[in-house]
2 protein chains.
Amino acid sequence: MHALRFHECGKPAEVLRLEELPPADLLDGEVRLRILAAPVNPADLNFIEGNYGVKPELPAVPGIEGCGEVVESRSPDFQPGERAILLRRAGTWADEASLPGEHLFKLPAGIDPLQAAMLKVNPATAWRLLTAFGTPPAGSWIVQNAANSGVGRGVIVVARTLGIRTMNLVRRAELRDELLALGADEVVTDDDSAVESAKTLLGKDRPHLAFNGVGGESALRLMNLLAPGGIHVTYGAMSRRPLTVPNGQLIFKDLQIRGLWVTRWIESAPREELDAVYGRLAGLMLSGELSVPVAATYPLQDFKAALEQVAGSSRNGKILFVP
Amino acid sequence: MHALRFHECGKPAEVLRLEELPPADLLDGEVRLRILAAPVNPADLNFIEGNYGVKPELPAVPGIEGCGEVVESRSPDFQPGERAILLRRAGTWADEASLPGEHLFKLPAGIDPLQAAMLKVNPATAWRLLTAFGTPPAGSWIVQNAANSGVGRGVIVVARTLGIRTMNLVRRAELRDELLALGADEVVTDDDSAVESAKTLLGKDRPHLAFNGVGGESALRLMNLLAPGGIHVTYGAMSRRPLTVPNGQLIFKDLQIRGLWVTRWIESAPREELDAVYGRLAGLMLSGELSVPVAATYPLQDFKAALEQVAGSSRNGKILFVP
């Protein structure tokens with residue numbers, strides 16, 4: 001088998017190498033997948049750099065999610081030819097991966113493997129954001145920044161299925177029409193005017209739930225838009241800047257500043273809950289409602305070009321490896 | 001009656017005046033108190049400056065707490081000569097105050113009026129910090145900064161009555177022995193070495209609850225000392241600096257950043273709960289266990305000298321008005 005591996009943490013383009021590895025022996029209960037697609041997520045880059053919540057055991061194969069086809073199975077739950085996503089870290093930036101059947105979620109027939117490769121993290125994060133802190137009642141508002149990110153788009157789609165209205169902050173104003181078409185209720189530009197613009201659109205309503213994937217000033221704007229007693233949830237930090245929380249937002253306004261890491265849920269939730277949530281999200285993907293734009297796909301050997309495009313500013317959509 | 005009043009928000013020494021006001025007509029159910037003592041709290045100064053959670057209706061008499069003796073009563077619950085503290089804002093920087101009997105808490109006989117004047121805010125804040133987010137089990141640790149403040153000392157005393165151990169950060173190392181004598185389990189200096197010093201003393205234990213009255217760097221030290229999933233509660237901001245929260249503390253470590261304002265509890269808690277908590281805290285004051293050092297007392301007319309001493313750096317203890 002072939003895999004991208006790194007032997008020390010550092011800049012991905014510098015420390016990754018495409019290596020040939022002996023195929024793993026398949027243990028009882030395990031399944032061998034041919035990887036069909038695996039995206040490049042910000043969390044993958046942080047992992048390679050050593051800046052993620054889980055530290056790599058070196059040498060390591062990155063790739064926190066991906067989609068594959070069963071080529072060999074010692075699990076009663078899987079047959080060759082079936083497709084699945086990997087729910088646990090197993091190094092998807094490779095042409096093959098082996099893991100216990102209970103760490104897989106079987107995909108419905110007909111789902112696009114590129115889309116399915118992006119099912120584990122972002123759509124599930126969107127689901128958890130909307131449900132883990134008390135699902136807002138239908139008709140109420142949530143507010144989020146990074147609304148055009150994988151998670152942000154997932155929030156828009158999932159919120160609509162729950163009848164929840166979304167106030168969306170985006171850095172680039174030209175994304176407005178695209179997000180409205182996706183089901184966003186309102187879209188405002190994430191700059192100094194965002195709070196006033198959003199308040200005008202909200203009237204007397206104030207959201208009780210805010211989702212922050214950016215940090216810094218943008219995170220503060222969400223605090224200013226929340227109702228007293230509201231919950232501000234950080235799931236990402238695109239700006240790489242910490243949160244600044246004015247004391248009055250905590251003491252007098254009684255905001256709760258929380259965090260969400262979907263991996264913690266995946267590793268602790270009952271299997272029935274995982275099946276129910278991923279089943280629902282896979283259904284939204286199959287119907288085309290939940291869809292992430294794909295900017296480009298690359299074979300593993302072109303990883304430097306892939307990483308270059310990831311770092312570039314102009315792309316709209318995900319970069320995936322298709323081994 | 002005489003009262004310190006301000007007609008516009010600003011620096012307390014500049015905007016306050018001692019004024020003679022007509023005594024209020026006593027309505028049915030109301031009680032008139034002669035004020036025995038009223039402290040100068042940071043919240044009072046913020047209120048006069050217009051920086052508090054409640055904005056003044058001008059002209060306003062400051063004083064969020066105080067102790068008085070009943071001189072006239074139209075409430076069946078109070079007789080002249082009885083002593084009480086004011087549970088609602090009624091302007092205690094005066095020689096007299098009138099308010100409904102249900103906004104008073106009757107004091108046990110024999111309690112020192114200077115100490116009782118400081119019962120409403122800080123001891124109750126300490127009680128709420130220790131109980132409002134799930135009372136930690138006996139034997140477990142909490143960590144706090146500003147451990148020598150009114151709230152901090154209250155936390156040390158109340159935690160001891162609950163069997164909870166306290167790790168205390170103080171700015172001035174020379175306070176160590178005094179806080180240990182008060183019942184503190186450990187005291188470390190709140191500087192760059194605080195986290196390592198506290199970790200050494202804690203061994204493998206990590207607190208699940210942290211109380212922050214400072215903000216800035218000191219608040220961050222508390223986050224670094226908390227266990228995963230821990231709760232970080234801000235009740236004050238002596239440094240006048242906001243909190244900086246690293247994203248990883250929220251996403252991967254799952255900390256909850258919360259706030260506590262005791263006024264919200266006083267205004268919403270059932271009367272039985274207020275009576276039970278203030279009864280318990282008054283008992284600790286009566287026994288001498290709960291005691292705040294008094295730096296000096298001043299008559300109302302010497303308010304400029306009082307405020308000057310409050311602003312000074314060398315005092316250890318509270319300044320109170322004794323009209």
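Letters A, B, ... are given to chains in the order of the sequence lines, protein chains preceding strands, and every chain is numbered from 1. Both backbone and side-chain heavy atoms feed into the values below; hydrogens, waters and symmetry mates do not.
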request  = Sort out for me which of B:L250, B:T244, B:V262 touches chain A most, counting heavy-atom pairs under 4.5 Å.
outcome  =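 Most pairs with chain A among the choices: B:L250.
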
remark   = Most contact-rich option vs chain A, by heavy-atom pairs under 4.5 angstrom, among B:Y52, B:W261, B:Y235, is B:W261

message = Between A:N212, A:V233, A:V54, A:D254, who has the most heavy-atom pairs with chain B when the cutoff is under 4.5 Å?
response = A:D254

request  = May I ask you to name which of A:A219, A:G236, A:G215 has the most heavy-atom pairs under 4.5 Å with chain B?
outcome  = A:G236

How many angstroms lie between atom [atom1] of [X] and atom [atom2] of [Y], to the nearest 0.5 angstrom?
{"X": "A:Q249", "Y": "B:L243", "atom1": "CD", "atom2": "CG", "answer": "12.0 Å"}
{"X": "B:L260", "Y": "A:F252", "atom1": "CG", "atom2": "CZ", "answer": "11.0 Å"}
{"X": "B:I257", "Y": "A:L255", "atom1": "CD1", "atom2": "CG", "answer": "12.5 Å"}

request  = Measure distances from B:I251 to the heavy atoms of chain A and classify the residue's part below 4.5 Å as side chain, backbone, both or neither.
outcome  =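 Looking at B:I251, backbone and side chain both touch chain A.
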
message = At a 4.5 Å cut-off on heavy atoms, which part of B:R264 comes close to chain A: side chain, backbone, both, or neither?
response = side chain

Near [X] [atom1], under 6.0 Å, is it more than 12 heavy atoms from other residues, nucleotides or ligands?
{"X": "B:K55", "atom1": "NZ", "answer": "yes"}
{"X": "B:E8", "atom1": "CD", "answer": "no"}
{"X": "A:R206", "atom1": "CZ", "answer": "yes"}

ask   = Can any side-chain N or O of A:N247 pair as donor or acceptor with the backbone N or O of B:T234 at less than 3.5 Å?
value = no

key: Which atom of A:P242 lies closest to which atom of B:P246, heavy atoms considered   =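 Smallest interatomic distance, heavy atoms only, reads CB-CA, 4.1 Å.
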
